[in-house]
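Step one of this worksheet: look at the structure below.
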There are 2 protein chains.
Amino acid sequence: MISNSSKYAVKAVLYLALNSSESHKILAKDISSPTNIPKAYLAKVLQELSRHNIVSSVKGPGGGFYLSEDNKKIPIMKIIHVIDGDNRLTSCMLSLQECDEENPCPMHDLVGNTKVNFVKNLEQNTVEDLVEDIREGKSFLPL
Amino acid sequence: MISNSSKYAVKAVLYLALNSSESHKILAKDISSPTNIPKAYLAKVLQELSRHNIVSSVKGPGGGFYLSEDNKKIPIMKIIHVIDGDNRLTSCMLSLQECDEENPCPMHDLVGNTKVNFVKNLEQNTVEDLVEDIREGKSFLPL
DNA sequence: CATATAAAGGATAAAAATGTCTTTTAATCT
DNA sequence: AGATTAAAAGACATTTTTATCCTTTATATG
Ligand code: FES
Ligand code: FES
């Protein structure tokens, strides 16, 4: 569905959204521990996210990672897109060139519009939206 | 979502369902060509499917692979299960131990019931069912 | 300016998935 | 029985994903 790296990315971004601010930056290693993501690997993922302006970072003493207000408005889809590329989620289950209603493969109807809905949800929901759910106790960020 | 190997497996099984019978077996290489699956790799996949009685096979001259009537009644889920194991599809998007409504991770609701529905469809639809769709022109087996 | 801090970047390693090749086993046919 | 056919099995190669380590660059502070 989505790669391990994308899972790491989403978890890290949500952790930052919940626990950091521009005035309270967090070190890579301090995200690694509570989220159970290998430190060095997470650093790479954060690097990539930072390069694409999905998370904010500052080097040096007092530095670290955080989410700007703009960062929090980013749709979850963009995180996955940056890490996994753009056709991992939308591609056909049986590797047809295009996955659409006009030329469905035999498995297309088994997935139904579910895949399309999922992608739509990923595009419409921002980091902020998911954080709100967590704050309201509707969902839980796994450790 | 599902592995490449599973895609190969489903494609090969459907190809067999459409083109083979106990009296007309098909060689691995003759499935490989029309389905664009690497010959040697497909042989391995078929081997595994045969070991789990998902496809039937006979060695020697006049031998090959085919689907028995029983084979055709197998749910698609079983094919994926044999190749990918049982928790690739049902596992949590953020690697929580359990994926359920009681303790949803922040992404759980974005997937919604789509994943559950998909798995249900995979369990309820047999090889035969998908073949019927193809025969009726409702779907197309990709080459 | 010197030093410490922390991310960025590059190089490498380990594991898993994918793909290929060769040998063995079972079945058929002469 | 001997030869041929085709899957089963095992060994090996490549690629991708995941993970670790080391060096460099940027920033802050004394
Ligand atoms: S066409 Fe294959 S999943 Fe849509
Ligand atoms: S709990 Fe994470 S996807 Fe269901």
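Below, each value reflects all heavy atoms present in this structure, side chains not excepted, and no hydrogens, waters or symmetry copies. Every chain is numbered from 1 and lettered A, B, ... according to where its sequence line falls, protein lines coming before strand lines. Note that the structure is predicted; figures quoted are calculated from it, not measured.
Other residues, nucleotides and ligands contribute more than 12 heavy atoms inside 6.0 Å of the CD atom of A:Glu136. More than 12 non-hydrogen atoms from other residues, nucleotides or ligands lie less than 6.0 angstrom from NZ of B:Lys72. Within 6.0 Å of NZ on A:Lys25 lie more than 12 heavy atoms contributed by other residues, nucleotides or ligands. Counting non-hydrogen atoms of other residues, nucleotides and ligands closer than 6.0 Å to NZ of A:Lys73 gives a total above 12.
Near-neighbour residues of DNA chain C inside residues 77-94 of chain B, defined by a heavy atom below 4.0 Å, are absent. For the segment residues 20-34 of chain B, the set of residues with a heavy atom within less than 4.0 Å of an atom of DNA chain D comprises B:Ile26, B:Leu27, B:Ala28, in numerical order. Of the residues in residues 47-55 of chain A, those placing a heavy atom less than 4.0 Å from an atom of DNA chain C are A:Gln47, A:Ser50, A:Arg51, in numerical order.
The ring-ring contact (aromatic ring centres under 6.0 Å, His included) pairs that include a residue from residues 18-65 of chain B are B:Tyr8-B:Tyr41, where partners are two or more places apart or lie in different chains. Note on residues 67-126 of chain B: no pairs pass ring-ring contact (aromatic ring centres under 6.0 Å, His included), not counting sequence neighbours. Within the structure, every pair that satisfies the side chain to side chain donor-acceptor pair (under 3.5 Å) test and touches residues 115-128 of chain B, not counting sequence neighbours, is listed here: B:Thr126-B:Asp129.
Nucleotides of DNA chain C nearest to B:Ser3 and A:Gly63 differ in position, and the one nearer the 5' end is that of A:Gly63.
In this structure, B:Leu27 shares a hydrophobic cluster with no other residue, the cluster being traced through Ile, Leu, Val, Met, Phe, Trp and Tyr side chains under 4.5 angstrom apart. Residue B:Tyr66 belongs to a hydrophobic cluster whose other members are B:Val58, with links defined by side-chain heavy atoms closer than 4.5 Å.
Atom CG of B:Leu46 and atom P of D:dA8 are 8 Å apart (whole Å). Look at NZ on B:Lys7: it is 13 Å from C1' on C:dT18, rounded to the nearest Å. The interatomic distance linking A:Tyr66 (OH) with C:dA6 (P) rounds to 16 Å, in whole Å.
Of the N and O atoms on the side chains of B:Asp133 and B:Ser139, not one donor lies less than 3.5 Å from an acceptor on the other residue.
Residues meeting the salt bridge (Lys or Arg N to Asp or Glu O under 4.0 Å) test with B:Glu101, sequence neighbours left out: none. Residues passing the salt bridge (Lys or Arg N to Asp or Glu O under 4.0 Å) test with A:Glu22, sequence neighbours excluded: none.
In terms of phosphate contacts, A:Ser5 brings no side-chain nitrogen or oxygen within less than 4.0 Å of OP1 or OP2 of D:dT17. Within the structure, every side-chain polar atom (N or O) of B:Ser57 is placed at least 4.0 Å from both OP1 and OP2 of D:dA6.
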Letter per nucleotide, 5' to 3', of nucleotides 20-30 of chain D [B base touched, S only sugar-phosphate touched, - untouched; heavy atoms, 4.0 Å]: BB---BBBB--
List the atom pairs, with distances to 0.1 Å, where a side-chain N or O of residues 82-90 of chain A and a protein N or O form a donor-acceptor pair under 3.5 Å, not counting sequence neighbours.
from: A:Asp84; atom 1: OD1; to: A:Ser3; atom 2: OG; distance (Å): 2.4
from: A:Asp84; atom 1: OD1; to: A:Ser6; atom 2: OG; distance (Å): 3.2
from: A:Asp84; atom 1: OD2; to: A:Ser3; atom 2: N; distance (Å): 3.0
from: A:Asp84; atom 1: OD2; to: A:Ser3; atom 2: OG; distance (Å): 3.4
from: A:Asp84; atom 1: OD2; to: A:Ser6; atom 2: OG; distance (Å): 3.0
from: A:Thr90; atom 1: OG1; to: A:Asp86; atom 2: O; distance (Å): 3.4

